[in-house]
**Q** 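After the structure tokens below, expect a handful of questions from me.
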Amino acid sequence: QGGHLTCGTVHRRSFATAMARSGPDRGAGRWRRERRVAERIFGALVLGAVSCSLHGRRAFSLAKAPVAAPITERPNFSGVWKLLRTENQSPFMQSIGYNFLLAQSAFLARVTQTIDHLGDEVNFKFESMPPLCPTRQSLVKVGAPETPMQDDAGREMLLIKPFWNGTIFFAELQYVKPRHDLTIERYLEEGLMVEHVKYPAKNTQMRRLFQKAS
């Protein structure tokens, strides 16, 4: 406007003048060379962008990759284990029918369990002082439907279908008369062997912790 030429107009006219001076063949050749250069630059930019994208995705996937949990071996309970302490023993004993005096004095008993553990077979020898019940022995096999047992006071129980739940030896435990349906877990905790008995119907539980003597 007003007789002035814009930069775009000057550029177009200069390009047209150059094309006219160089002739149609030379102008077309220069245009093809410039196009090839542009295509190479564009291709390099695209490859760089793709490479960065793939690298970013790989780094992200490595950062988010889950870490495999360490495999923990099943414990071996072999040895002579002496009762060190109990947790919630007296209330638990009352919940399965023991009288108040016996439940309160149970902590005085010195209990020893001698265990020979080989694979899926666990052989128990139970002793207590004072001897409320004679020394008992029980062979427990993984998957066995029922294994007759006695508690430290001589009451009859059934250990039902024991199995391994990770590092925990788990089974159902049933008192026969009167009947009480419990569960029992045996595992190691900070070098101690734990007997963890639960009574789901009454929402109570007891733990006995044993220290290895040999």
Side-chain angles (χ1 to χ4, degrees), residues 62-96 98 103 106-107 109-129 132-133 135-176 179-214:
L62 289 175
K64 294 295 183 180
V67 178
I71 299 174
T72 307
E73 294 182 359
R74 294 172 180 173
N76 188 293
F77 299 119
S78 292
V80 178
W81 300 86
K82 295 185 178 294
L83 183 61
L84 180 65
R85 67 177 186 271
T86 64
E87 298 173 358
N88 199 46
Q89 183 178 38
S90 294
F92 186 85
M93 289 182 66
Q94 291 181 68
S95 74
I96 58 176
Y98 282 101
F107 74 94
R110 289 174 291 171
V111 178
T112 302
Q113 296 185 2
T114 303
I115 302 176
D116 184 12
H117 180 182
L118 182 61
D120 285 336
E121 294 187 358
V122 188
N123 193 15
F124 292 91
K125 178 183 176 182
F126 303 98
E127 301 171 277
S128 62
M129 289 296 294
L132 299 176
C133 179
T135 298
R136 299 96 64 207
Q137 285 191 314
S138 297
L139 177 60
V140 176
K141 298 181 179 181
V142 170
E146 293 181 351
T147 303
M149 304 183 77
Q150 291 178 306
D151 70 5
D152 292 332
R155 288 176 59 182
E156 294 182 353
M157 307 180 298
L158 293 174
L159 194 71
I160 302 170
K161 296 181 179 179
F163 66 93
W164 285 101
N165 182 13
T167 59
I168 299 173
F169 195 52
F170 179 92
E172 296 178 22
L173 183 65
Q174 183 184 103
Y175 273 84
V176 179
R179 179 169 173 172
H180 300 281
D181 295 312
L182 317 174
T183 64
I184 182 168
E185 300 173 359
R186 186 178 300 271
Y187 51 89
L188 297 182
E189 180 180 280
E190 297 180 353
L192 302 178
M193 181 180 69
V194 182
E195 267 187 2
H196 192 171
V197 187
K198 301 177 183 179
Y199 197 166
K202 295 189 177 182
N203 194 30
T204 187
Q205 56 188 304
M206 171 190 72
R207 295 207 320 163
R208 302 201 303 175
L209 291 87
F210 292 80
Q211 189 172 42
K212 196 170 188 178
S214 64

**Q** Ring centroid separation for Trp164 and Phe169, is it under 6.0 angstrom?
**A**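 Yes.
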**Q** Taking side-chain hydrogen bond (donor to acceptor under 3.5 Å, both in side chains) as the test, write out the residues that go with Arg155, two or more places apart.
**A** none
**Q** Phe126 versus Asp151: any side-chain heavy-atom pair under 4.5 Å?
**A**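 A side-chain contact under 4.5 Å is absent here.
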**Q** Is it the case that over 12 heavy atoms from other parts of the model lie below 6.0 angstrom from the NZ atom of Lys82?
**A** no
**Q** How far does OG1 of Thr167 sit from CZ of Arg74, to the nearest 0.5 angstrom?
**A**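 So the OG1 of Thr167 and the CZ of Arg74 are separated by 10.0 Å.
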**Q** To the nearest 0.5 Å, what is the distance between OG1 on Thr112 and NZ on Lys125?
**A**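 Result: 9.5 Å between the selected atoms.
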**Q** Among Gln205, Glu189, Arg186, Arg208, which one satisfies side-chain hydrogen bond (donor to acceptor under 3.5 Å, both in side chains) with His196?
**A** Gln205
**Q** Should the pair Arg110-Asp152 be classified as a salt bridge under the 4.0 Å nitrogen-to-oxygen rule?
**A** no
**Q** Under 4.5 Å between any side-chain heavy atoms of Phe92 and Leu182, yes or no?
**A** yes
**Q** Can you confirm whether more than 12 heavy atoms, excluding those of Lys141, are under 6.0 Å from its NZ atom?
**A** no
**Q** Residues in salt bridge (charged side-chain N to carboxylate O under 4.0 Å, His left out) with Glu185, at least two apart?
**A** Lys198
**Q** Which pairs count as salt bridge (charged side-chain N to carboxylate O under 4.0 Å, His left out) when at least one residue sits in residues 83-95, sequence neighbours excluded?
**A**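 Non-adjacent pairs meeting salt bridge (charged side-chain N to carboxylate O under 4.0 Å, His left out): Glu87-Arg207.
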